[in-house]
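Just so we're on the same page: letters track the sequence lines, and every chain starts at 1. Treat the numbers as computed from the prediction; the structure is a model and nothing was measured.
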Amino acid sequence: MLDSILKKAFVEAFQMLYQKQPDLQHVVFQKTRQEFEGDVTIVVFPFTKDLKKSPEMLATEIGSKMVEILPELNRFNVVKGFLNLVIDDSYWLKFFTEMSDNSDFGTTKKGQGKRIVIEYSSPNTNKPLHLGHIRNNLLGYSVAEILKANGYEVVKVNLVNDRGIHICKSMLAWQKWGQVAPEQAGIKGDKLVGEMYVRFDKELKLQVADLVDQGFAADEAAKRAPLMAEAQEMLRQWEAGEHETKKLWETMNGWVYEGFDQTYEKMGVDFDHIYYESQTYLLGKELVLKGLEDGILYQKEGGSIWCDLTADGLDEKLLMRADGTSVYMTQDLGTAQLRMDEYPSEKMIYVVGNEQNYHFDVLKLVLKKLGRSWADAIEHLSYGMVELPAGKMKSREGTVVDADDLMNEMIETARQTTTELGKSTDLEADEADKLFYQIGMGALKYFILKVDPKKTMLFNPAESIDFNGNTGPFVQYTHARIRSILRKAIESGINTDDSSFIIKQLPFKEKSLIRLLSQFPVVLAQSGENRSPALIANYMYELAKEFNQFYQTEPILKEENLKLRAFRIHLCSFVAFTLRKAGGLLGMQMPEKM
RNA sequence: GGUCCGGUAGCUCAGUUGGAUAGAGCAGCAGCCUUCUAAGCUGCGGGCCACAGGUUCGAAUCCUGUCCGGAUCACCA
């Protein structure tokens, strides 16, 4: 808002002074650095060459002209080629009175009338959710919320990989060595099925080792192992729709979903539509066969179907096996088509790890070749892996950080810390539990989301996630502090509703806060464009920090000037509102007390 | 080997289309609670922005090369 006003004035001043149009690309405003006076700075270096003037000269001329034509500008100063503009207090006060009670503050209408489908989570039913899924889920959920706040209609979908050989492995292991339901075993369903998968792997390794001892080569042994043959036989029976196999499959998947639902609920994420690969995996085949018919795809000896992408700098890609079964890509072609049919949309975002960059390049290219004009709507939100100090998580080596365990640990740490600080003594048990949950999850969510999605990040289980400094609880604490002030204001009968908070002179700290608050819509819009909750997290931190400095030095309820006091109370409420809103975009709850 | 991504303080991370003396937090040290919540605030120390060139008024940011790390290139998903 401010930027566009300034830009217009700059261009106008420029034209009046030099009778020509400035290169708009160079008309860029940035925050003035702390050590100089001013709110907004424009760099005039780019214009010096064309006009053959010194930077100081140019900046001074433009500055004077802008102050002349723009009432929102109070004064300016020039340091080398930097024109620092001082915005008049009246502008900030106007912004404050208009926005501080506006419940839509921050949201934009950018995406109005446009739909975006976002897929995240996408679990396998043979493995419990782990730390990697946590990043995936939190990112997906948060980006969805951010896009909603930018006016888009967002459809959150989950694609569950519920079929395939890996599921059969778990089923087989359960038949052989399990035979108890989760309730009897006393563990969550997804954990039980996960254990069975691990068990299969272990037993299979033993068989393979035996065969190797008998003189078989390693790869040959893997193929000959009886367990593997049994698993493959089970998959065939599944595909043939054999009753008992299907029944077992349904039962075990049911256990898994029950477990997943608990985890999702604790994580605070949800979906509008859940797709199952078992229901969609056949659709891709039609597309592939049609592509073959149209001569876009080709067959190799044996009958497998391929797509040639060498002209695009990629390889040949298998789309259907010789035996007619589908591969990963086949399924994804089908699901993309299905999704576009069901939810025609501007964008289809897939929140999937960066290890699959190649897969998505291929997916888009193949769809394009198959004549799908909407292929470009597919967007891979490619995020970095979460690594442990020892490197990548490996389920076989038992170095995965389980999602449920981690969340429980966070909540437990929150309980301990809060108790040590003596802050939960006056709370009822259920209130206290809610608080520990909010703080523990707040710490986790902030920790994950403050990092740029595309970067690989490190998680050290030995050092628990911090509660001090640049953390979720820091922001939550700031919010709780403000709420406490507002409660006290009401208790002591201070009327916070009237308009007596209008003041004329804006003190320094207050101005910094308001200036920062005015940035929120800009940050929100940008985080939507970049699909980056990290921008929101960093903003929230900056705002909380700025508030704490204000809080530390300025009296609020104890301020004797009543107008100023009312103004400060109002400002507090505006900050709390914005923190809550920003937190909501990250899935963080803001406690009233902590 | 080809392709893609990354390398910023001891550690974890910011640094928006190139801008002023590169910022936070943690860890370390020193202060601030009889006054609105000390999960807070203030101060100190800590940097060849991997390396070498180039582009220009100006480069952590753009280009080229080198080194290091990661991902990926399956009739796996």
task = Assign the ring pair W238(A) / Y281(A) to parallel, tilted or perpendicular, where the plane angle (0 to 90°) is split at 30° and 60°.
result =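 Geometry flag for Y281(A) against W238(A): tilted rings.
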*With under 30° as parallel and over 60° as perpendicular, where do the rings of F47(A) and H26(A) fit, or are they tilted in between?*
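Ring orientation of F47(A) relative to H26(A): perpendicular.
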[N] and [M]: how far apart are their [atom1] atoms, nearest whole angstrom?
N	M	atom1	answer
A20(B)	G58(B)	C1'	10 Å
G25(B)	G15(B)	C1'	15 Å
A50(B)	G6(B)	P	13 Å
A52(B)	C32(B)	P	46 Å

- Minimum side-chain heavy-atom gap T280(A)-Q331(A) below 4.5 Å: no
Side-chain heavy-atom pair V362(A), L309(A) within 4.5 angstrom cut-off
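Counting from C-beta outward, V362(A) and L309(A) do come under 4.5 Å.
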ask   = Taking the six-membered ring of W306(A), is the NZ or CZ of K317(A) close enough (under 6.0 Å from the centre) and on axis enough (within 45°)?
value =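 Negative - K317(A) is either too far from the ring of W306(A) or too far off its axis.
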Indicate, with a heavy-atom threshold strictly under 4.0 Å, whether [X] touches base, sugar-phosphate, or nothing.
X	value
S382(A)	nothing
D162(A)	nothing
V28(A)	base

TODO: Take E592(A) and R483(A), measure what salt bridge (Lys or Arg N to Asp or Glu O under 4.0 Å) needs, and give me the verdict at the end.
DONE: CA-CA 6 Å; E592(A) 292 290 307; R483(A) 297 301 298 170; 2.9 Å; yes
Reading nucleotides 3-16 of chain B from 5' to 3' and marking B where a protein heavy atom lies under 4.0 Å of the base, S where only the sugar-phosphate is that close, and - otherwise, the string is ---SS----SSS-B
Nucleotide by nucleotide, nucleotides 33-39 of chain B touches protein heavy atoms under 4.0 Å in the pattern (B base, S sugar-phosphate only, - none) --SBBSB
(request) Could you run through RNA chain B and flag its stems, i.e. three or more consecutive Watson-Crick or G-U pairs with both distances under 3.5 Å? (result)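 Only these stems qualify: B:1-7 with B:67-73, B:10-13 with B:23-26, B:28-32 with B:40-44, B:50-54 with B:62-66.
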| task | Would you check, one step at a time, whether the test side chain to side chain donor-acceptor pair (under 3.5 Å) holds for Q416(A) with E420(A)? | result | CA-CA 6 Å; Q416(A) 278 174 19; E420(A) 274 164 27; over 6 Å; no
inquiry  = Please classify C5(B) as syn or anti, treating any glycosidic angle within 90° of 0 as syn.
reply    =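 This nucleotide is in anti.
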Rounded to whole Å, the CG-P distance (N548(A) to A24(B)) equals 15 Å
Quiz prompt | Nearest-angstrom distance from the residue atom CD of Q30(A) to C1' of U17(B) | solution =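 Rounded to whole Å, this separation is 11 Å.
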- Query: Take atom NZ in K31(A); do more than 12 heavy atoms of anything else shown fall under 6.0 Å from it?
  - Reply: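 At most 12 heavy atoms, drawn from other residues, nucleotides or ligands, come within 6.0 Å of this atom.
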- prompt: Got a salt bridge between K545(A) and E542(A), using NZ or NE/NH1/NH2 to carboxylate O under 4.0 Å?
  reply: no
Atom pairs under 3.5 Å: protein N/O with N/O of nucleotides 54-57 of chain B:
| from | atom 1 | to | atom 2 | distance (Å) |
| --- | --- | --- | --- | --- |
| C57(B) | OP1 | K49(A) | NZ | 3.3 |

Can you give me the N/O atom pairs linking the protein to nucleotides 73-77 of chain B at distances under 3.5 Å, or say none if there are none?
| from | atom 1 | to | atom 2 | distance (Å) |
| --- | --- | --- | --- | --- |
| C73(B) | O2' | D315(A) | OD2 | 2.5 |
| C75(B) | O3' | R321(A) | NE | 3.2 |
| C75(B) | O2 | A322(A) | N | 3.1 |
| C75(B) | N4 | S304(A) | OG | 3.2 |
| C76(B) | OP2 | R321(A) | NE | 2.4 |
| C76(B) | OP2 | R321(A) | NH2 | 2.5 |
| C76(B) | O3' | R321(A) | NH2 | 3.2 |
| A77(B) | OP1 | R321(A) | NH2 | 2.7 |
| A77(B) | OP2 | R321(A) | NH2 | 3.4 |
| A77(B) | OP2 | Y328(A) | N | 3.3 |
| A77(B) | O3' | N161(A) | ND2 | 3.0 |
| A77(B) | O2' | N161(A) | ND2 | 2.7 |

Write out a two-atom table: protein N or O, nucleotide N or O from nucleotides 42-45 of chain B, distance below 3.5 Å.
| from | atom 1 | to | atom 2 | distance (Å) |
| --- | --- | --- | --- | --- |
| U42(B) | OP1 | Q549(A) | NE2 | 3.2 |

